[in-house]
Amino acid sequence: MTTTPSAPPAATPDAAMLEAARRADRLAEHGPTVHGPSVTAVIAVGAVLLTLAVPVIVFGERWWPGPVTVAVLGTVLAVGNWFVARRRHTLQPFRIATDERPFAVLDREQRQRTGRQITGRAPVSADSAPLVRAFLQWQRRSSRVAAPGLVALGAVLVGSAWGLALSSGDVWLLAFLIVVAVLIGAMGAVEARRAERVLRSLPDSSPSTDPATGPEA
């Protein structure tokens, strides 16, 4: 009489949460793996190209040094940020690989429940606390390393819009960019306070301590 080997037991919800927390921990410490061009590099290249166009736009205008200076400063910051990110292994990828995504191992109910806890719309349960803490630390790390590139790109766009305003007299684009920058800054501050509040509600959490930054794969 032969017996058929039984299939291996399926992963339990607790095992899935532990794996998700492990992935989030790795992202918080090392960041995602970058395959191909990074967002950081594309921002640097885009800043250079836009800056090259600004002197052409403002050619012959009386106040041309203003927009050119702003655009050049943005480009210097963008290129410098790319060099620093390469050295510190903090380049930002366009897409995170599936095997590095924390939520990829969770079912729909777990994703929804954990998402509400991360955004502070529901109290954090004991089994979700490690994942919530690591995920929010990863978000904070991502925001920190992305900020210089966004500021640099914003400066180049403002310099370009300023040049267009000088050459054409149309200031709507410049005003729009300034309003968008203010809104993004306000939203970022609100999001940071929300994440800090959730981290402080977790047992034994230390939201003021940034996760260690290690080398990326």
Side-chain angles (χ1 to χ4, degrees), residues 10-43 81-82 84-151 153 183-217:
T12 63
D14 287 342
M17 294 296 292
L18 289 174
E19 172 61 16
R22 185 194 66 80
R23 293 186 180 191
D25 270 327
R26 186 193 180 282
L27 290 173
E29 292 179 0
H30 305 294
T33 304
V34 177
H35 298 286
S38 65
V39 175
T40 315
V42 171
I43 288 177
N81 179 57
W82 175 67
V84 171
R86 279 177 56 88
R87 187 172 66 250
R88 297 182 177 177
H89 305 282
T90 56
L91 295 171
Q92 295 291 96
F94 281 96
R95 181 178 179 274
I96 299 175
T98 302
D99 59 357
E100 293 184 342
R101 299 178 192 172
F103 278 28
V105 297
L106 303 180
D107 59 35
R108 182 177 180 181
E109 189 277 331
Q110 289 174 319
R111 289 195 296 268
Q112 292 176 343
R113 175 166 56 88
T114 307
R116 289 193 298 269
Q117 295 172 4
I118 288 173
T119 55
R121 293 176 294 164
V124 180
S125 57
D127 65 324
S128 301
L131 172 57
V132 171
R133 179 183 294 110
F135 192 90
L136 289 175
Q137 289 175 339
W138 170 43
Q139 282 188 331
R140 184 167 56 184
R141 180 187 193 274
S142 298
S143 299
R144 185 175 64 249
V145 300
L150 294 178
V151 171
L153 182 60
L183 289 176
I184 291 176
M187 291 172 61
V190 170
E191 184 70 12
R193 285 197 296 268
R194 178 201 58 76
E196 188 77 9
R197 185 173 62 253
V198 175
L199 281 170
R200 289 188 183 279
S201 70
L202 299 176
D204 301 324
S205 63
S206 300
S208 61
T209 303
D210 288 332
T213 301
E216 271 182 45

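- Comment: Glu29 does not engage Arg141 in a salt bridge, judged by the lack of any side-chain N to carboxylate O separation of less than 4.0 angstrom.
- Contact between Ala129 and Leu202 at its shortest, heavy atoms only, is O-CD1, 4.1 Å.
- One distance of note links CG of Asp99 with OG1 of Thr33; it measures 7.5 Å at 0.5 Å rounding.
- Between Glu19 and Arg22 there is a salt bridge, with a side-chain nitrogen of the basic residue lying less than 4.0 Å from a carboxylate oxygen of the acidic one.
- Residues Ser125 and Arg113 are in side-chain contact: their nearest non-hydrogen atoms beyond the backbone lie under 4.5 Å apart.
- Gln139 CD to Gln137 CD: the interatomic distance, rounded to the nearest 0.5 Å, is 11.0 Å.
- Inter-residue side-chain proximity for His35 and Pro93 is flagged as unmet; no heavy-atom pair is nearer than 4.5 Å.
- When all heavy atoms of Pro32 and Trp138 are compared, the pair lying nearest together is CD-NE1, 4.3 Å.
- Between Ala134 and Ala28, the closest heavy-atom pair is O-CB, 3.8 Å.
- Ile43 is not listed as a side-chain neighbour of Gln92, based on a closest heavy-atom distance of 4.5 Å or more.
- The shortest distance between side-chain heavy atoms of Leu131 and Leu106 falls below 4.5 Å.
- Distance alone, capped at 3.5 Å, is enough to place a donor-acceptor pair between the Gln110 side chain and the Asp107 backbone.
- Judged as a salt bridge (charged side-chain N to carboxylate O under 4.0 Å, His left out), and not counting sequence neighbours, Arg86 has no contacts.
- At least one side-chain heavy atom of Arg194 sits under 4.5 Å from a side-chain heavy atom of Leu136.
- The backbone N or O of Glu100 lies less than 3.5 Å from no partner atom in the side chain of Arg26, so there is not a single donor-acceptor pair.
- The CD atom of Glu196 sits 10.5 Å away from atom OG of Ser201, with the distance rounded to the nearest 0.5 Å.
- Thr114 is not listed as a side-chain neighbour of Phe135, based on a closest heavy-atom distance of 4.5 Å or more.
- Distance OG1/Thr90 to CG/Asn81: 7.0 Å, rounded to 0.5 Å.
- Taking all atoms of both residues into account, the shortest heavy-atom contact from Ala20 to Pro102 is CB-O, 3.2 Å.
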Review point. Is there a side chain to side chain contact (heavy atoms under 4.5 Å, CB included) between Leu199 and Arg140 once you walk through the steps?
Key: CA-CA 11 Å; Leu199 281 170; Arg140 184 167 56 184; 4.2 Å; yes
